[in-house]
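Everything on this sheet refers to the single structure shown next.
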2 protein chains.
Amino acid sequence: MKDARNIKDLLYEQVARIGKVFSSPKRLELVELLCQGEKTVEVLAREVSISVKLTSAHLRELREAHLVETERQGKNICYRLANKAVAELWVQIHTLAEDRLIELQLALQKIATQPDDLVPSDRDSLLKAARKGEVVVLDVRPAEEYLAAHLPFARSIPLDELRQRLNELPKDRSIVAYCRGPYCLMAVDAVELLKREGYSAIHLRDGVAEWGLLRSQ
Amino acid sequence: MKDARNIKDLLYEQVARIGKVFSSPKRLELVELLCQGEKTVEVLAREVSISVKLTSAHLRELREAHLVETERQGKNICYRLANKAVAELWVQIHTLAEDRLIELQLALQKIATQPDDLVPSDRDSLLKAARKGEVVVLDVRPAEEYLAAHLPFARSIPLDELRQRLNELPKDRSIVAYCRGPYCLMAVDAVELLKREGYSAIHLRDGVAEWGLLRSQ
DNA sequence: AATTCATTCTAATAATTGTTAGAATATAAA
DNA sequence: TTTATATTCTAACAATTATTAGAATGAATT
């Protein structure tokens, strides 16, 4: 090995290309959205509240790091994660952030009106209860995202249809609402609405990415 | 929830603090070194071939992201990873990079003189062979790193002592040499030397971080 | 064929980060 | 107490990245 230093620099530089993707808040948000299923540039831009141009620039970085793939569908170009491992990395990064950053812990605590979020250890019991029909697992994300992947036994009522479709839900059982993950506030809103209307509602922080439910490849 | 956008921006910004740490080649290299055990600023600077000042600046970023902890030991300040999860994230990021980036795959292939690296699936059989004494697992990192953590059944001969201590190794069994991980070239050099000297040597790409052998907390 | 629409590319500027040098700090040794 | 050593802090400049605007592309619609 002549110049070990140059070789090493090259290797770490390559790995840093992947790291860079996860160093920008907006790119993280894009990755999390793509964890919910494939999306067009326009939809992504609207969801993260930035211009289409800027979204396109961020998506190019993801593309150049080979973390996303694109496919033209008529007029639109659809982006999807290249790999299940990308979603897993997002989950591991935000989990580590929640573990280490007190600021993040505090911010997350403020979101939850009550500290009744289900924690990961409850997964088995939640699944069992959902299977028996003792609780209703409610996916409040847009219908497409539910179709792309959803928790076992979950039923779909997107947040913006919830008010009109309240009658589909039982009042005698707990409703466990989830959305895209801990940084998505849809399930928080859903639980608030449900509680106001006299339902017994619980907020599940984790989404499909955190449950590892994404299709591989 | 009044201003969901502001809350979200705040949350993703916090996670990006963690991502930023892994977006710089030199910081990645520092993280990998810290996966081998605690180290002083001077040692870290020497290993990654940058000035102490710049190393200190990079380490401050790690500190501000709460991914490392410091402890004064006499004249020196020792840095260590805050958490096993930091090492796991490093492994997951470089694994994803190796999976997605063709450039990285090619660069890694060039390093290995022969493609006889043991792959992760061989772990069980390696362990079994090492336990029976059919192969010698050789840790060529500095002695302190071996002491901090090492593969099961591994014996320590640092690379720079290897030439003088060749007689400690058997010629009738395979020697499986490893170092800090796939981007560390010490094991490559060791295998080259051993082969030249008539030993049957194999390069194991993974190190203690990849084997998940670090002490928690 | 012309027009529209979604998206990307290019180039420019604003904002952030990397890097370096000099001053400051805090401990250890004399 | 003085001096040496290891490290950090501050401030400056260089390099990179984020953001925006305008031109270009390429498929769908008229």
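Computed from heavy atoms alone, side chains included, the values below leave out hydrogens, waters and symmetry copies. Letters go in sequence order (proteins before strands), and every chain restarts at 1.
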Exercise for the section: Would you mind telling me which residue lines up with the more 5' stretch of DNA chain C, A:Val41 or B:Lys75, judged by nearest nucleotide? Expected result: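 Nearest nucleotide further toward 5': that of A:Val41.
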Practice task
Map A:Ser56 and B:Arg72 onto DNA chain C by nearest heavy atom, then report which one ends up closer to the 5' terminus.
Solution key: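 Residue closer to the 5' terminus by nearest nucleotide: A:Ser56.
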Rounded to whole Å, how long is the line connecting atom [atom1] of [X] with atom [atom2] of [N]?
X       : N      : atom1 : atom2 : result
B:Glu61 : D:dT16 : CD    : C1'   : 14 Å
B:Lys39 : D:dT7  : NZ    : P     : 13 Å
A:Arg60 : D:dT17 : CZ    : P     : 13 Å
A:Leu30 : D:dT19 : CG    : P     : 11 Å

Practice task
Determine whether A:Trp211 and A:Arg123 make a side-chain contact, defined as any pair of heavy atoms from C-beta on separated by less than 4.5 Å.
Solution key: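 Yes, at least one pair of side-chain atoms sits under 4.5 Å.
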Exercise for the section: Would you mind classifying the nucleic acid contact of B:Lys20 as base, sugar-phosphate or nothing, using non-hydrogen atoms under 4.0 angstrom? Expected result: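 Sugar-phosphate only.
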Problem - Contact under 4.0 Å: A:His58 side-chain N or O vs D:dT17 OP1/OP2 - result: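 So the side chain of A:His58 is outside the cut-off, no N or O lying under 4.0 Å from OP1 or OP2 of D:dT17.
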Exercise for the section: Ignoring backbone atoms, establish whether B:Tyr79 has a side-chain N or O less than 4.0 Å from OP1 or OP2 of D:dT8. Expected result: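 Yes, B:Tyr79 has a side-chain N/O under 4.0 Å of OP1/OP2 on D:dT8.
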Handout entry: CA sep, side-chain torsions, deciding dist, call: A:Glu210, A:His94, side-chain hydrogen bond (donor to acceptor under 3.5 Å, both in side chains)
Key = CA-CA 10 Å; A:Glu210 287 74 17; A:His94 83 70; 2.7 Å; yes
Practice task
Count the heavy atoms of every other residue, nucleotide or ligand shown that sit under 6.0 Å from CZ of B:Arg165, and state whether that count exceeds 12.
Solution key: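 Above 12, so yes.
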Problem - A:Phe22/B:Phe22 aromatic ring centres below 6.0 Å - result: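 No, ring centres 6.0 Å or more apart.
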Exercise for the section: Would you kindly compare A:Arg27 and A:Gln73 by the position of their nearest DNA chain D nucleotide and give the one closer to the 5′ end? Expected result: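 Its nucleotide being nearer the 5' end, the pick is A:Arg27.
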Would you tell me whether [X] and [Y] have side-chain atoms, one donor and one acceptor, within less than 3.5 Å of each other?
X        : Y        : value
A:Gln36  : A:Glu144 : no
B:Gln14  : A:Glu98  : no
A:Asp206 : A:Tyr178 : no

Practice task
May I ask you to list the residues of residues 42-55 of chain B, by number, that have any heavy atom positioned under 4.0 Å from an atom of DNA chain C?
Solution key: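 Under 4.0 Å from DNA chain C: B:Lys53, B:Leu54.
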Handout entry: Heavy-atom pair of closest approach, residues A:Ala190 and A:Ala177
Key =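 The pair with the smallest heavy-atom distance is CB-CB, 4.4 Å.
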Exercise for the section: Not counting sequence neighbours, which residues clear ring-ring contact (aromatic ring centres under 6.0 Å, His included) with A:His66? List them please. Expected result: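 None.
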Problem - Range on DNA chain C touched by chain A - first to last nucleotide, heavy-atom distance under 4.0 Å - result: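 From 5' to 3', the first and last contacting nucleotides are C:dC5 to C:dT10.
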